[in-house]
Every structure is written in structure tokens, then in C-alpha cells.
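Convention: sequence-line order gives letters A, B, ...; per-chain numbering from 1.
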Number of protein chains: 2
Amino acid sequence: MPNNDNLKLENQLCFRLYSLTKLMNRHYSPVLKQLGLTYSQYLVMLVLWEHNNTRSVVSVKHLGDKLDLDSGTLSPLLKRLEKQDLLSRVRNSNDERSVEIKLTQAGCQLKAQAINIPAQMFSVTGMSIDDLQGLTTQLDTLLTTMKTR
Amino acid sequence: MPNNDNLKLENQLCFRLYSLTKLMNRHYSPVLKQLGLTYSQYLVMLVLWEHNNTRSVVSVKHLGDKLDLDSGTLSPLLKRLEKQDLLSRVRNSNDERSVEIKLTQAGCQLKAQAINIPAQMFSVTGMSIDDLQGLTTQLDTLLTTMKTR
DNA sequence: TGAAATTAGGTTGTGCACAATTTAATTTTT
DNA sequence: AAAAATTAAATTGTGCACAACCTAATTTCA
């Protein structure tokens, strides 16, 4: 039988995730503002920084796969980062459909300024390493399940 | 000492929350589309439905407090719902600064169509009631901590 | 009481997120 | 090889989310 209480805001997992994501963003924003980045731009930079140098190249497609974002989101975002001279966008000569993203010197160097952000944000959670690990595992399970339904 | 791995996407709690929230939204969207609602509009309707009748009244302020949204988000959102004839916006005659939101008949009746959504979404998570309860508790703790820092 | 501070809501501008569509390049199939 | 299908990006349009700012109403208090 349908239960009326199910529709209460307090009983919704999704509302907690929604609220937490907004709250997380509010903690990141002032910190990232010092680097001139938004949270989404920071995520893109994280992927690029994993390749760690100005020679490596990552396609827009790869970024979209990693971050689960489509070109409608990434195209304008990458143009903004290009305008800030953090990266360049060059069409792949082997496959003209693909656009390759490469960090500039400035984009590469920005990593040094971001190095302490994860620890700083972790401290905001007030969690222990073990609790964090536990929560991470649960969220990964949930992500996997929800991706396949 | 700063650890390079901290900047890896896979090690970030925030990225999991961010991804889960988007994924959650993608599961809600097609279901809510049948009611003509977005997820944010659904949240507003949840609050209004808790008051459960066309006589009760909820201020924009109260909605903002409940959902942690400011007038820059709520004002246009409420206008869209008003245009759909789900609610009305009337300035409070006792305090002209305040705007009171009241469900219309249609807005009230829409609740019946939403009654099964929570159970439907719960099934998408693939979780047990106990796991859900456990996760909910952890997220509430995290929300409380992060709100006070 | 009258000035100052606070409060509620609205407006404007920026940046996602994503659906839907378009274009061009590449791959597959016949 | 030509037609059909697929793929990668870009573009357009809608709807948040929020900062910054504005207006008007109310409250506080000197």
C-alpha cells in the first residue's frame, strides 16, 4: 500500500545527496576561486593533471567519459578554460572528428596551487579515514547499481 | 607532506556525490516528466504537499529554509509552477514583504500521481531498508558537520 | 518619533547540466 | 566504391544554483 510518509522530504535519500552536493560546492567555491576555477572546471583540470605534462593529450570524448558529461556541457566550459590560457583545443589530424585538449604551461603549473585542496576539503567533512573509506565504498556500490538500471 | 594521489578523481568523495546526484536526477527526470515537473520543482511540491490542502499557505521564505535555496532560484521556479496552474503566489497582507504560496486544486491533485515515486526510486537503488537507513544516517551526520564549518 | 538596521523577495548575470538537433568525419555494410 | 550507420563536437534552448545588487516593508532603538 502506498505510504504517505514516503513523500516527506525528510525521508528522501535523494534530497540528502542533492543538499550535500550543493553544500560541498559551497565549500569548494571560495577555495577554487583563488585558482580562478569553478568546481566543474576543477574536475576537468583533475583529469588533465593526472596526465601530468604539457605533451600529453586528452580528447573531449575521454573527458566526457571520465566525468560523465556531454559536449553540451564540456564545449563551452573548455572554451572558458582556453580563454584563461589553461589549455588548448586542437582538432586531431588523424581523426578530424576528435578535439584534443592539452595543458598549457600555466595550466600545468596551476596543479601546485591545488595540491592541498583535497586535504583541506577532507577536514571539512570531520570524518575519520575509516568512515570516509566506508562511505566511499557504499556510494560506489550505489553508483554501480544505478548505472545499470 | 602533500600527496599527489589526493588529486586523483577516483579518490574524491565529492566527485562521487556529484556523480550520484546527477545519476539520481536522470532517474527522476523521465518519471517526473509525466507530471510536468523537474526535480527541483518536485522538491517544492513535496514541501507544499506536506501541508496537504488548498487552504494552507507556505511562504517563499519557508520554502527557502526547507530546501536551502535562495530567492534567485525560487522566484523564477515558482513563477513557472504558477504558469502551470499548480500554485498561486499572493503577497501577505499582514507583512507585505512576504509572499505566500498556495496549492491550486490541480496542484493538490497532482500528489496522487506522485504517491508511488519514492518506492519506485528506492527500487532503483537496489538497497535494503537497513542499508538505506545506515547511509541516510551517515549523510545526515555529514550534512550537520559541513553546515557548521 | 525618526534614523538605522534587518528582512523578504525580485532582478541580472554567469556557469553548469542536459535534451535535441546539426554538421562533418569516419566506419561498416552491401 | 557507394550507401548507410556511427561517431565526435558544436549549437540552441530550458531550467536550475547562486552571487551581487536592488527595492520596499518592517523592526529596532537611540
All ring pair (Phe, Tyr, Trp, His ring centres under 6.0 Å) counterparts of B:Phe122, not counting sequence neighbours: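 Applying ring pair (Phe, Tyr, Trp, His ring centres under 6.0 Å) to B:Phe122 gives none.
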
Please tell me if A:Ser75 has a side-chain N or O lying less than 4.0 Å from either OP1 or OP2 of D:dA10.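 True: A:Ser75 side-chain N/O within range (under 4.0 Å) of D:dA10 OP1/OP2.
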
From the 5' end of DNA chain C to its 3' end, which nucleotides mark the outer limits of contact with chain B, defined by a 4.0 Å heavy-atom distance cut-off (strictly under)?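 Both ends considered, the range comes out as C:dT7 to C:dC18.
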
Could I get the full list of salt bridge (charged side-chain N to carboxylate O under 4.0 Å, His left out) partners for A:Lys8, not counting sequence neighbours?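 For A:Lys8 the salt bridge (charged side-chain N to carboxylate O under 4.0 Å, His left out) partners, ignoring immediate neighbours, are A:Asp5.
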
Identify, with sequence neighbours excluded, every residue that meets side-chain hydrogen bond (donor to acceptor under 3.5 Å, both in side chains) alongside [X].
X: A:Gln109; value: A:Gln105
X: B:Asp65; value: B:Lys61
X: B:Glu10; value: A:Lys66
X: A:Arg91; value: none

Pairs under 3.5 angstrom only: tabulate donor-acceptor contacts from the side chains of residues 74-83 of chain B to other protein residues two or more places apart or in another chain.
from, atom 1, to, atom 2, distance (Å)
B:Ser75, OG, B:Ser71, O, 3.1
B:Glu82, OE1, B:Arg89, NH1, 2.9
B:Glu82, OE2, B:Arg89, N, 3.4

With sugar-phosphate meaning primed atoms plus P, OP1 and OP2, does B:Leu77 contact a base, only sugar-phosphate, or nothing at under 4.0 Å between heavy atoms?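 Counting heavy atoms under 4.0 Å across all strands, the contact made by B:Leu77 is with sugar-phosphate only.
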
Of all of residues 13-44 of chain A, which get a heavy atom below 4.0 angstrom from DNA chain C, listed by number?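 Hits under 4.0 Å, by residue number: A:Thr38, A:Ser40, A:Gln41.
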
Mind running a 4.0 Å heavy-atom check of residues 87-98 of chain A against DNA chain C and sending the residues that fall below it, in number order?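 Only A:Asn94, A:Asp95, A:Glu96, A:Arg97 qualify.
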
With sequence neighbours excluded, tell me which residues meet side-chain contact (heavy atoms from CB on, under 4.5 Å) with B:Thr145.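 Partners of B:Thr145 by the side-chain contact (heavy atoms from CB on, under 4.5 Å) criterion, ordered by chain and then number, come out as B:Thr141, B:Arg149.
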
Applying side-chain contact (heavy atoms from CB on, under 4.5 Å), can you list everything that pairs with B:Ser128, at least two apart in sequence or on another chain?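 Per chain and number, B:Ser128 pairs via side-chain contact (heavy atoms from CB on, under 4.5 Å) with B:Asp130, B:Asp131.
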
If you pin B:Pro76 and A:Glu100 to their nearest nucleotides in DNA chain D, which one's is more 5'?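 Between the two, 5'-proximity favours A:Glu100.
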
Considering the options B:Ile117, B:Asn116, B:Val124, which one meets the side chain to side chain contact (heavy atoms under 4.5 Å, CB included) requirement together with B:Val31?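 That would be B:Ile117; it is the only one of B:Ile117, B:Asn116, B:Val124 passing the side chain to side chain contact (heavy atoms under 4.5 Å, CB included) with B:Val31.
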
